[in-house]
There are 2 protein chains.
Amino acid sequence: MKSDSNVPPIDPPSLAERIRLEMDSFTPSEKRAAHMLLSHYPFAGLDTVAEFASRAGISAPSVLRFVTRLGFGGFPEFQRHLREELEAQLLSPLAKASPSDRSHGAPALAAFAESVIGNLRATVENIAPAEFDAVVELLSDQRRPVHFTGGRFTGALARYAESHLRIVRSHVDYIEGQPALWRDRMIEIGRKDVIVAFDIRRYQEDVTALCETAAKQGATVVLLTDPWLSPIARVARHVLPAHIVAPSNWDSSAGLLLITEALVAAVTKRLWETAKPRMEAVERLRNEKP
Amino acid sequence: MKSDSNVPPIDPPSLAERIRLEMDSFTPSEKRAAHMLLSHYPFAGLDTVAEFASRAGISAPSVLRFVTRLGFGGFPEFQRHLREELEAQLLSPLAKASPSDRSHGAPALAAFAESVIGNLRATVENIAPAEFDAVVELLSDQRRPVHFTGGRFTGALARYAESHLRIVRSHVDYIEGQPALWRDRMIEIGRKDVIVAFDIRRYQEDVTALCETAAKQGATVVLLTDPWLSPIARVARHVLPAHIVAPSNWDSSAGLLLITEALVAAVTKRLWETAKPRMEAVERLRNEKP
DNA sequence: CAAAAGCTGTACCAAAAATTTCAGGTAAGC
DNA sequence: GCTTACCTGAAATTTTTGGTACAGCTTTTG
């Protein structure tokens, strides 16, 4: 067997690593098995063949072929290996950041991820706690209708926010950026309303116009933007900036998503008393579908 | 369901702890079993009854009586408990910090961010480079139409991907999840088409149905999902799993966004020759609007 | 010191798990 | 367009494993 005879002196030839390397040469169902295993490594491999197979969506024989292909004499032998590896790793306190693992993964993806992570850290540092709290408070006030909006790219984030928050509380909607689509709705917007706008560079005039109109009618505007600040900042009550520069021809919205998810999490917690029954009700309705 | 548990997660007393407490009341061979288990906790319990018995120097039935005494219905049940305990303990070094989150505001944001960052790292590690590259290649083939789709929350991510990629290349669109909205379009879907589906837990039947239909007609399905793998994985050619667990009542999509942005960046680079003029043309058209 | 109660292990059985066989299906190659 | 090679899962088979009954031994107790 190859891996036995010619082992380079590098310590842990983690099975996970080997699987990643050999991923190319796997058949489709072997790939399923590999993904399943890697995504819950190594616990997915610790129960029975049948369980493993069903979770990976393949048949038991395919799982057997998979472990055979990895060089094991059978499933029990494979399991023993996983257990020993896990035990060894767990007992050595320093084994946490296995450096051999860090270097792998899609190189492009890994570099991109590091950059995004840097953005997230920078974003968190530059957000004023009071500002964040104030926005949570604002979105938790159920008497105030909340409207999300965004530009051609950030619109998706606005929808994301809306799809979550609308389950937690009522009076939540999404407004399309194009003026033709919101002009008439502006009649309804007043002092009570809250507009949450997403806008990053190549700032979009129509979104700005929407916010300015709403602000003029007394609405409270919350802006999620980049560090250069969309012009909407002039009419916004609260501004939450996120770092967006990534090694790409496009900007990264991960920081905006982070803020969005954190806001949703905080509001959900804040309103839990009323949110819980709502969420359960939504769940029930969904299950009645057929 | 996750959202059912309002109760702060009081750490369930580890089995090891319980054994220590009840140690006095054990019979001699039970004590030997207990010591054996505690000294190699929890790995000693992870192999067969016979192995355990021999290591502890007792007989198999004694081991069985021991686990029964601990309140388990049988040895497999006991093993399952150990695995789950271990997994929970190992996978959430961050989640442990969450019970103390009575704190408000920025601390919450910072904690949330750290958790998300952990997800991103884990996501990168579990993506096979070959899989990522293969998807980039697939999306870079301009002869193959690309269709994005997603569920009620992930639909927003699909739109996000679509709004970027449609600028880079042609034949890119977004398909609504509801069957009524895509049934007729399926006529057009064939071997050349590529479906990119976003689907995380509380997997949506309509999205699954869409992908299955498309796959049946020969389309290539790419799936972005969570580590538990949406049922779509069964018909997907490529699967890119992202970690999604966050200290929130909701799952975090940051890992999916990361993959999405990395894919878009890679495809843009790959197609730069043709993408650049396209992007410039789009820019020009946008500026002509007023 | 004797009888009862309780542990413990051997031998056996039943259940479940892993593995092999085989046939249908799919994609590559001629 | 046909053949070949390979992948895949259903079902049958074998092996392993967990579980149980029972009898001997040890400890406790009156």
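Note that this is a predicted model, so its numbers are computed, not measured. Sequence lines set the chain letters: A, B, ... in the order given, protein chains first and strands last, and positions in each chain run from 1.
By the side chain to side chain donor-acceptor pair (under 3.5 Å) test, B:R143 is found to be paired with B:D141, residues two or more places apart in sequence or in another chain being considered. Taking the side chain to side chain donor-acceptor pair (under 3.5 Å) definition, one finds that B:R159 meets it with B:E176, sequence neighbours left out. With sequence neighbours left out, the side chain to side chain donor-acceptor pair (under 3.5 Å) criterion links A:S62 to A:S59. In terms of the side chain to side chain donor-acceptor pair (under 3.5 Å) criterion, B:R152 has no residue partners (sequence neighbours excluded).
The CD1 atom of B:I58 sits 14 Å away from the P atom of C:dC7 (whole-angstrom rounding). Summarising the geometry, the separation between CZ on A:F78 and P on C:dA17 is reported as 17 Å, rounded to the nearest angstrom. Whole-Å rounding puts the A:L46 CG to C:dA17 P distance at 15 Å. Whole-Å rounding puts the B:F66 CZ to D:dG18 P distance at 15 Å. Between the CZ atom of B:R237 and the C1' atom of C:dA27 there is a distance of 10 Å, rounded to whole Å. Residue A:F26 contributes atom CZ, which lies 17 Å from atom C1' of D:dC6 at whole-angstrom precision.
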Ring pair (Phe, Tyr, Trp, His ring centres under 6.0 Å), that's the test. Do B:Y160 and A:Y160 meet it? Break it down for me.
CA-CA 10 Å; B:Y160 185 83; A:Y160 185 83; over 10 Å; no
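Around NZ of B:K269, the count of heavy atoms belonging to other residues, nucleotides or ligands within 6.0 Å does not exceed 12. The number of heavy atoms from other shown groups lying within 6.0 Å of CZ (B:R237) does not exceed 12.
Centroid-to-centroid, the aromatic rings of B:H164 and A:F153 come within less than 6.0 Å.
A:H81 and A:E85 share a donor-acceptor pair across their side chains, judged by distance under 3.5 Å alone.
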N/O contacts under 3.5 Å, protein versus nucleotides 18-24 of chain C?
{"unit_1": "C:dA18", "atom_1": "OP1", "unit_2": "A:V49", "atom_2": "N", "d": "3.3"}
{"unit_1": "C:dA18", "atom_1": "OP2", "unit_2": "A:V49", "atom_2": "N", "d": "2.7"}
{"unit_1": "C:dT19", "atom_1": "OP1", "unit_2": "A:F75", "atom_2": "N", "d": "3.3"}
{"unit_1": "C:dT19", "atom_1": "OP2", "unit_2": "A:F75", "atom_2": "N", "d": "2.9"}

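The stretch residues 134-143 of chain B has no heavy atom under 4.0 angstrom from DNA chain C at all.
The side chain of B:S62 contributes an N or O atom lying less than 4.0 Å from OP1 or OP2 of C:dG9. A:T27 has no side-chain polar atom (N or O) that falls below the 4.0 Å cut-off from OP1 or OP2 of D:dC7. For D:dT8, neither phosphate oxygen OP1 nor OP2 lies less than 4.0 angstrom from any side-chain nitrogen or oxygen of A:S59.
Nearer to the 5' terminus of DNA chain C, by closest-nucleotide assignment, is the contact made by B:S29 (compared with the other of B:R191 and B:S29).
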